[in-house]
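Letters go in sequence order (proteins before strands), and every chain restarts at 1.
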Protein chains: 2
Amino acid sequence: MKKADKSEVLPQMYLEQMAEAIRVLGHGQRLQIIQQLELCGEQSVTDIVEAIAGQQGAVSQHLGKMRAAGIIAARRAGRQVYYHISSASPVTILNCLRREYSKTVTKSNPRM
Amino acid sequence: MKKADKSEVLPQMYLEQMAEAIRVLGHGQRLQIIQQLELCGEQSVTDIVEAIAGQQGAVSQHLGKMRAAGIIAARRAGRQVYYHISSASPVTILNCLRREYSKTVTKSNPRM
DNA sequence: AGTATATATCATGATATATTGATATGTCTA
DNA sequence: TAGACATATCAATATATCATGATATATACT
């Protein structure tokens with residue numbers, strides 16, 4: 001097992017920003033979108049709307065939020081806008097959680 | 001439009017639960033706590049309160065939330081309760097983001 | 001020009017989460 | 001037992017996030 005990289009403790013301000021980034025991923029439908037993009041590489045908004053059976057407006061807002069966070073990026077082709085994952089982190093994080101998830105959920109502990 | 005291979009895609013319900021788990025980490029002070037525990041291995045509530053300069057009640061609530069999510073665990077010793085990280089995911093996720101963070105932030109793209 | 005299509009944005013009510021101060025619970029020690 | 005200390009919980013309010021329906025913008029086509 002690899003020894004944790006004890007690189008310095010990050011100052012609270014950075015953690016705040018990281019927390020913000022994490023929160024962007026903390027939404028079921030947004031994870032669905034990430035999964036979809038992971039699977040198909042690139043998809044138009046309409047593709048995504050269909051794939052995850054969402055509402056157009058809502059999906060567009062999710063895409064906007066994730067784009068603002070740098071998680072995904074877009075390219076316009078005619079009237080469609082194609083999105084793709086632009087950062088490794090969501091995939092890494094999802095994989096990490098998929099792994100955690102497959103384990104039996106560890107119970108917490110006795111009441112105190 | 002590409003047809004999604006549904007077998008590899010996690011069902012929305014799981015994603016919803018994952019999103020919930022992710023959201024627990026999406027909070028600056030909670031990341032501070034994780035970092036502190038990562039650094040010190042085990043700490044009492046008071047230790048943590050001091051280390052991150054938080055309010056006792058708030059810190060206790062954060063700890064409770066993270067414990068409920070299985071991220072950390074606790075052990076009582078006398079009147080203190082010592083917490084430690086009990087799941088790899090927060091560390092993995094934090095490292096992942098630390099890595100992302102060190103890169104120059106990629107700008108998104110033109111207005112559409 | 002006008003119409004259809006794709007996407008983005010806005011306004012808002014509903015819900016969730018955070019923050020704070022106060023108090024309750026549990027545990028030790030004199 | 002009382003009193004101090006450590007932790008947890010509660011209640012009230014503030015703030016953030018979501019979902020929805022409506023509308024705006026951008027592009028293509030005729």
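- At most 12 non-hydrogen atoms from other residues, nucleotides or ligands lie less than 6.0 angstrom from CD of A/Q12.
- Dashed line: the shortest gap from a side-chain N or O of A/Q61 to OP1 or OP2 of C/dA8 is not under 4.0 Å.
- Remark: B/K65 is in phosphate contact with C/dA18, judged by side-chain N or O atoms under 4.0 Å from OP1 or OP2.
- With hydrogens and angles disregarded, a donor-acceptor distance shorter than 3.5 Å links the side chain of B/Q35 to the backbone of A/L10.
- Residue B/G64 is the one, among A/A58 and B/G64, whose nearest nucleotide of DNA chain D lies closer to the 5' end (criterion: closest heavy atom).
- Rounded to whole Å, the distance from CD1 on A/I48 to C1' on C/dA8 is 14 Å.
- B/S86 places a side-chain N or O within donor-acceptor distance of the main-chain N or O of B/G70, the cut-off being under 3.5 Å.
- Distance A/L63 CG to D/dA19 C1': 16 Å, rounded to the nearest Å.
- Of the residues in residues 17-31 of chain A, those placing a heavy atom less than 4.0 Å from an atom of DNA chain D are A/R23, A/H27, A/R30, in numerical order.
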Strictly under 3.5 Å: I want the nitrogen or oxygen pairs between protein and nucleotides 2-6 of chain C, one per line.
residue: C/dT5; atom: O4'; partner: A/R79; partner atom: NH1; Å: 3.3
residue: C/dA6; atom: O3'; partner: A/R79; partner atom: O; Å: 3.4

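- Between the CD atom of B/E50 and the C1' atom of D/dA6 there is a distance of 12 Å, rounded to whole Å.
- Rounding to whole angstrom units, CD of residue A/E16 and C1' of D/dA16 are separated by 13 Å.
- Taking the side chain as every heavy atom from C-beta outward, A/I85 and A/P90 approach each other to under 4.5 Å.
- The main-chain N or O of B/G26 is found under 3.5 Å from a side-chain atom of A/R23 such that the two form a donor-acceptor pair.
- At distances below 3.5 Å, at least one donor-acceptor pair connects side-chain atoms of B/R76 with backbone N or O atoms of B/G78.
- Using a 4.5 Å heavy-atom threshold, the side chains of A/H27 and A/K65 count as separate.
- As rounded to whole Å, 13 Å separates atom C1' of C/dA8 from atom CD1 of A/I72.
- Taken to the nearest 0.5 Å, the CG atom of A/L94 stands 5.0 Å off from the CG atom of A/L31.
- One finds no side-chain N or O of B/Y83 lying less than 4.0 angstrom from the OP1 or OP2 phosphate oxygen of D/dA6.
- Residue A/Q56 contributes atom CD, which lies 11 Å from atom C1' of D/dT23 at whole-angstrom precision.
- The closest side-chain heavy-atom distance from B/H84 to B/L37 is not below 4.5 Å.
- As rounded to whole Å, 15 Å separates atom P of C/dT9 from atom NE2 of A/H62.
- Atom CZ in B/R67 sits about 12 Å away from atom P in D/dT7, given to the nearest Å.
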